[in-house]
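Structure first, commentary second.
First listed ligand is number 1; within each ligand, the first listed atom is number 1.
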Amino acid sequence: MLIAQLSDPHIRPEGVLYQGVADSNRMFSEALAHVHALDRCPDLLLITGDLVDEGRPEEYAMVRELLAAARIPFLVIPGNHDHRDNFRAAFADQPYLPREGPLHWCVDDHPVRFIGLDSCPTGKHYGHIDAQGLAWLARTLAQDTTRPTVLMLHHPPFMSGIPYMDMYRYMEVQQLEDVVRAAPNVELVLCGHVHRTMLRRWAGTVVCTCPSTTTEIDLQLDPQAPPQSHIGPRGCMLHLWDEAHGMVSHVSHIGAFEGPYGFA
Ligand SMILES: [Fe+2]
């Protein structure tokens, strides 16, 4: 099974640029075209939050218009820039999304089990899942302790070292860690939010964050560093799973590069 992951497209209404500088809508279309042009078509597309920038219905209308071009089934979770009810309304045709409450879900009809978590408290930019959500996660994980399972949540459950991102990190991570550590079959925890690729061993599994299709948050580790981003390099993640070899994750950059050359 090949799983493509796009993240943080920050779609805007038609004709509006993200942060006044980046054509996030065009870039999302380019990311979809990139996924479609791979030499093996992914079986599934995951989108790990911040589908839009301001949570507005006209932004979600644009997301759906752009996603109409997708030739791959997709699963979505919200990010801190999404609006829970507008998100739910925009994706009302997605049968796995609950009709009320936080947007936690489980999709069981693939060789890999997918669990989506809503780590976005209303009106906040940091990440957190309340006790009820964690109890749901514990129950859901306990229902199948053998099939390889991928968890998705927007906020990575660790300190990145980038000060302006850590202000909005996942808070009170220990309770989530305890629930995930109790499950023996979580292959990967997939996140967005940090607009960069990061990896961390955590809770007996591996956390992997995905680049944004729109802007890259700069890698600055000085505690006083001000928020800063660049347009590019953009990318997506590809997670290749089979029963014999397990899960291998690749970064796939979006854009034109020199080559190809006939050597490896
Ligand atoms: Fe984002």
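With sequence neighbours excluded, no residue forms a side chain to side chain donor-acceptor pair (under 3.5 Å) with Arg169. Under the side chain to side chain donor-acceptor pair (under 3.5 Å) criterion, Arg12 pairs with Glu54, Glu59, sequence neighbours left out.
Between Asn86 and the choices Arg84, His83, Arg88, the side-chain contact (heavy atoms from CB on, under 4.5 Å) rule is met once, by His83.
The count of protein N, O or S atoms under 2.8 Å from the Fe ion (ligand 1) stands at 4, with waters excluded from the count.
A donor and an acceptor atom, one from each side chain of Thr214 and His10, are nowhere located under 3.5 Å apart.
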Cut-off 3.5 Å, no hydrogens considered: what does the side-chain donor-acceptor table look like for residues 249-264, sequence neighbours left out?
| residue | atom | partner | partner atom | Å |
| --- | --- | --- | --- | --- |
| Ser249 | OG | His239 | ND1 | 2.7 |
| Ser252 | OG | His34 | NE2 | 2.7 |

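Within the 4.5 Å cutoff, no side-chain heavy atoms of Pro78 are placed close to those of His154.
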